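To start, the structure itself, in structure tokens.
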2 protein chains.
Amino acid sequence: MAGRVTIKSIAKDLGISHMTVSRALSNHPNVLKETREAVQKRAQELGYVKSAAAMAMRGGGTKIVGLLLPNIVNEFYARFANTMALACEEHSYQLLIHLTNDDLKAESLALEGLREIQAEAVVMVPAPGGTESTSTHLDGMRVIQLIRQRKEKDPASAILVDDAPAIREAVQHLADKGHRHIAYIGADSALSSGRSRLASFRQGLAQAELPEETNLIQTGVPSFEMGREHTAEILQQKQATALICGGFEISNGALNAFMDASEQSAPQMSFVGYGDPSFYSWINGGISTIRVPVDRLARKAVDILVSSQTDGPSNPLTFEAQLVVRK
Amino acid sequence: MAGRVTIKSIAKDLGISHMTVSRALSNHPNVLKETREAVQKRAQELGYVKSAAAMAMRGGGTKIVGLLLPNIVNEFYARFANTMALACEEHSYQLLIHLTNDDLKAESLALEGLREIQAEAVVMVPAPGGTESTSTHLDGMRVIQLIRQRKEKDPASAILVDDAPAIREAVQHLADKGHRHIAYIGADSALSSGRSRLASFRQGLAQAELPEETNLIQTGVPSFEMGREHTAEILQQKQATALICGGFEISNGALNAFMDASEQSAPQMSFVGYGDPSFYSWINGGISTIRVPVDRLARKAVDILVSSQTDGPSNPLTFEAQLVVRK
DNA sequence: GTGAAAGCGCTAACAG
DNA sequence: CTGTTAGCGCTTTCAC
């Protein structure tokens, strides 16, 4: 139990120099095959592992990538983390997850932590309201923004979702089914995604030649609770006959409100959710939704990490969301 | 862009020795207040962060804990990871997640990776079929086994779930409702949890004075697919009128099979799931289930990490699962 | 109060 | 083929 096993301890044990051990273990050509095998065998027995700290200090990378998510219970983020973790294992990266809860302070804390351990890259869903000053001093850490983009002219790469066509299609679809009063709940303009989704919804209305009804458009800081409450309100107003959600958490919250409401009466409002958790296809005979290609996003994130080791920030990459009609 | 900011680079910049910088930054008493402030200001400007690698090499800990999970899409594991990540942030630990997919090779690979970076502890759901030899050479890394326990006499701590009472209660509950043919799908005996859950189910049958019907008891390597297939079989047999599941993935798979089946006809079989994802309370007017206190498990895991810094392995901790009756 | 030296584990660059 | 030296960033120990 006398401390860690190091190349030096192995060297002493074998009565040779630590350099020979180092070379033997990294399969350097200039080692007698005999010696190499003896060293490798002994190292195995002793349970030697290279110190990542020492490697990091010498300038080798850390093979650690950070992932900053608002939370991970939401199935969208869980799927993303899952796929990304899998892809990371493939490339022998380690995935360090921090939860920000969409809070800026938590976010900078997490970033600082990653900087301390010299993470090679961060994939992050930027918290709402951050400015460029939030991301000062990123050192050599590559940053990939996910879904939301903090600054148009950001030095970081971005993986975005173009949900505009899907949202417009959703409105059109509902209009075609005869709905004249379509409500919308989404994030407010503090988020780039909030702005663009709302704009798409409005475009959809215009396209379907429906008027905008301000009391049917609700925005705010996105959360499960927020979605639930606004949906309850809209339900109470009894004006809208359909609802489109522009956010993962919001969508789940809305669904919850529907379930609560349908226990008493059955107001049967048409609904288009956001994101596509597995159970959306089960309940109520299937929930229509705007599906985001989460696996492809995650794969792409890792792709960027492994491929553009040296490249500069790539252009924002955009994946198209897709309307899935069910119900 | 001339490399990282280090205490030396700051020292040179200020024309003092790197030692003074070190002392100033760690608020050592023996530094002129004037000097200290100048140093701290400059460090801030330059965006200095302590090198975690250097600290680790000097013997300070890494503040990294690993988490090994089969997958993270399953809401139970997602919740666990979420709560644990939150608790980790509170104690300024970093959470490194590896997905094992219940595969032994992936598991040892992950453990080795964690050992390389000198993780201070691992919380792991042991993959099925592993022996003690799987966990050789854990160095100073504390290990906490979750849900499943690999060896009774294991040197590692364990956080377990005692679901025996809940499973017996579930059987009794179904029997009380008049069910005479109750099916069970669970993990096979390669898992300690598989063994004990099946035993509990049998005890429940005995207690309710129901006979064991071997064709209604299905075990195997737990997975979504496995649950789905066995449920489909049982549905086809048209013998059982109720089903109890003994596994998270299995339970979801079973649910899927039910949903598929109910699209054609409505066989209406009573069902008790395992684990309590949020949507279980919504669909079909509520799914009865065996709820595992996941948040408490996660909190306890971190508690153990922070408190027993020096203590030996604590006794296996057990939390009681709870039958939630809905439908 | 401040500085210089040593060493944590490892490898690149020189000796032999 | 093998060994020695030096240095990555940091703190502990001992000088001044």
Side-chain angles (χ1 to χ4, degrees), chain A residues 2-40 42-43 46-63 112-113 115-120 137 139-140, chain B residues 2-40 42-43 46-63 112-113 115-120 137 139-140:
Chain A
R4 262 177 90 76
V5 183
T6 71
I7 49 170
K8 279 193 185 160
S9 77
I10 297 180
K12 203 168 53 182
D13 182 280
L14 261 49
I16 56 179
S17 114
H18 71 275
M19 260 325 289
T20 309
V21 177
S22 169
R23 282 193 267 254
L25 291 175
S26 25
N27 280 319
H28 204 81
N30 283 2
V31 191
L32 206 58
K33 199 173 69 170
E34 206 171 29
T35 320
R36 177 186 9 265
E37 280 163 7
V39 170
Q40 290 180 339
R42 197 80 191 100
L46 264 33
Y48 167 82
V49 281
K50 222 205 275 280
S51 157
M55 295 306 280
M57 240 183 48
R58 291 203 82 277
T62 53
K63 283 287 184 182
E112 195 176 298
R115 226 149 74 74
E116 277 181 20
I117 61 168
Q118 282 153 251
E120 294 189 356
H137 294 312
D139 252 348
Chain B
R4 261 177 88 77
V5 183
T6 71
I7 49 169
K8 278 193 186 161
S9 76
I10 297 179
K12 203 168 53 184
D13 183 279
L14 260 48
I16 56 180
S17 113
H18 72 276
M19 264 322 297
T20 309
V21 177
S22 170
R23 282 193 268 255
L25 291 175
S26 23
N27 280 318
H28 205 80
N30 281 5
V31 190
L32 208 58
K33 199 172 69 171
E34 205 172 31
T35 320
R36 172 178 21 259
E37 279 164 6
V39 170
Q40 290 180 338
R42 198 80 191 99
L46 263 34
Y48 167 81
V49 280
K50 221 203 276 282
S51 158
M55 297 306 280
M57 238 180 50
R58 292 207 35 46
T62 54
K63 282 288 185 182
E112 196 175 298
R115 226 149 74 73
E116 277 181 18
I117 62 168
Q118 282 152 257
E120 294 188 356
H137 295 311
D139 251 350

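Only heavy atoms go into these numbers, but all of them, side chains included; no hydrogens, no water, no symmetry mates. Residue numbers begin at 1 in each chain, while the letters A, B, ... track the order of the sequences. Please read these numbers as outputs of a predicted model, since none were measured by experiment.
- Looking at R36(A), its side chain does come within 3.5 Å of a backbone N or O of H28(A) through a donor-acceptor pair.
- A distance-only check finds no donor-acceptor pair linking the side chain of S9(B) to the backbone of V5(B) [under 3.5 Å].
- I7(B) places its CD1 atom 14 Å from the C1' atom of dG7(D), with the value rounded to the nearest Å.
- Remark: the backbone N or O of G61(A) is not paired with any side-chain donor or acceptor of Q118(A) at under 3.5 angstrom.
- Contacts of T6(A) with the nucleic acid, taken as non-hydrogen atoms under 4.0 Å apart, involve only primed sugar atoms and P, OP1 or OP2.
- K50(A) contributes atom NZ, which lies 9.0 Å from atom CD1 of I7(A) (distance to the nearest 0.5 angstrom).
- Annotation: the span from K63(B) atom NZ to I117(A) atom CD1 amounts to 14.0 Å, rounded to 0.5 Å.
- Between E34(A) atom CD and dT2(D) atom C1' the separation is 14 Å, expressed in whole Å.
- In this structure, the helix from dG1(C)-dC16(D) to dG16(C)-dC1(D) shows an angle of 50° between the axis at its start and the axis at its end, each fitted on 5 base pairs and rounded to 10°.
- Rounded to an integer number of Å, the gap from D13(A) CG to dG9(C) P is 15 Å.
- Between K12(A) atom NZ and dC8(C) atom C1' there is a gap of 14 Å when expressed in whole angstrom units.
- In plain terms, the two heavy atoms of L25(B) and Y48(B) that are nearest each other are CD1-CE2, 3.6 Å.
- Separating the CE atom in M57(A) from the OG atom in S51(A) is a distance of 9.0 Å, to the nearest 0.5 Å.
- In this structure the side chain of L14(B) never reaches within 4.5 angstrom of the side chain of T20(B), judged on heavy atoms.
- The distance between atom CD1 of I10(B) and atom C1' of dC10(D), rounded to the nearest whole Å, is 12 Å.
- Side chain of Q40(A) to main chain of A24(A): a donor-acceptor pair is present (N/O by atom type, distance under 3.5 Å, no hydrogens or angles).
- With rounding to the nearest 0.5 Å, the separation of CZ in R42(A) from CG in D13(A) is 4.0 Å.
- Atom-to-atom, CG of N27(A) to P of dC1(D) comes out at 14 Å; the value is rounded to the nearest Å.
- Within residues 54-62 of chain B, the residues that have a heavy atom under 4.0 Å from DNA chain D are, in order of number, A54(B), M55(B), R58(B).
- Going from atom CG of L25(A) over to atom P of dT11(C) covers 8 Å, rounded to whole Å.
- At least one side-chain heavy atom of V39(B) sits less than 4.5 Å from a side-chain heavy atom of I16(B).
- Phosphate contact (OP1/OP2 of dG7(D), side-chain N/O of K8(B), threshold under 4.0 Å): absent.
- Summarising the geometry, atom NZ belonging to K8(A) is positioned 10.0 Å from atom NZ belonging to K12(A); distances are rounded to the nearest 0.5 Å.
- K50(A) has a side-chain polar atom (N or O) that falls below the 4.0 Å cut-off from OP1 or OP2 of dT11(C).
- Whole-Å rounding puts the H28(A) NE2 to dC1(D) C1' distance at 10 Å.
- The listed nucleotides are dG9(D), dG9(C), dT11(D); the one nearest the side chain of S51(A) is dG9(C).
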Close N/O contacts between protein and nucleotides 2-4 of chain C (under 3.5 Å):
residue: dT2(C); atom: OP1; partner: T35(B); partner atom: OG1; Å: 3.2
residue: dT2(C); atom: OP2; partner: L32(B); partner atom: N; Å: 2.9
residue: dG3(C); atom: OP2; partner: S17(B); partner atom: N; Å: 3.2
residue: dG3(C); atom: OP2; partner: T20(B); partner atom: OG1; Å: 2.3
residue: dG3(C); atom: N7; partner: R23(B); partner atom: NH2; Å: 2.5
residue: dG3(C); atom: O6; partner: R23(B); partner atom: NH1; Å: 3.2
residue: dG3(C); atom: O6; partner: R23(B); partner atom: NH2; Å: 3.2

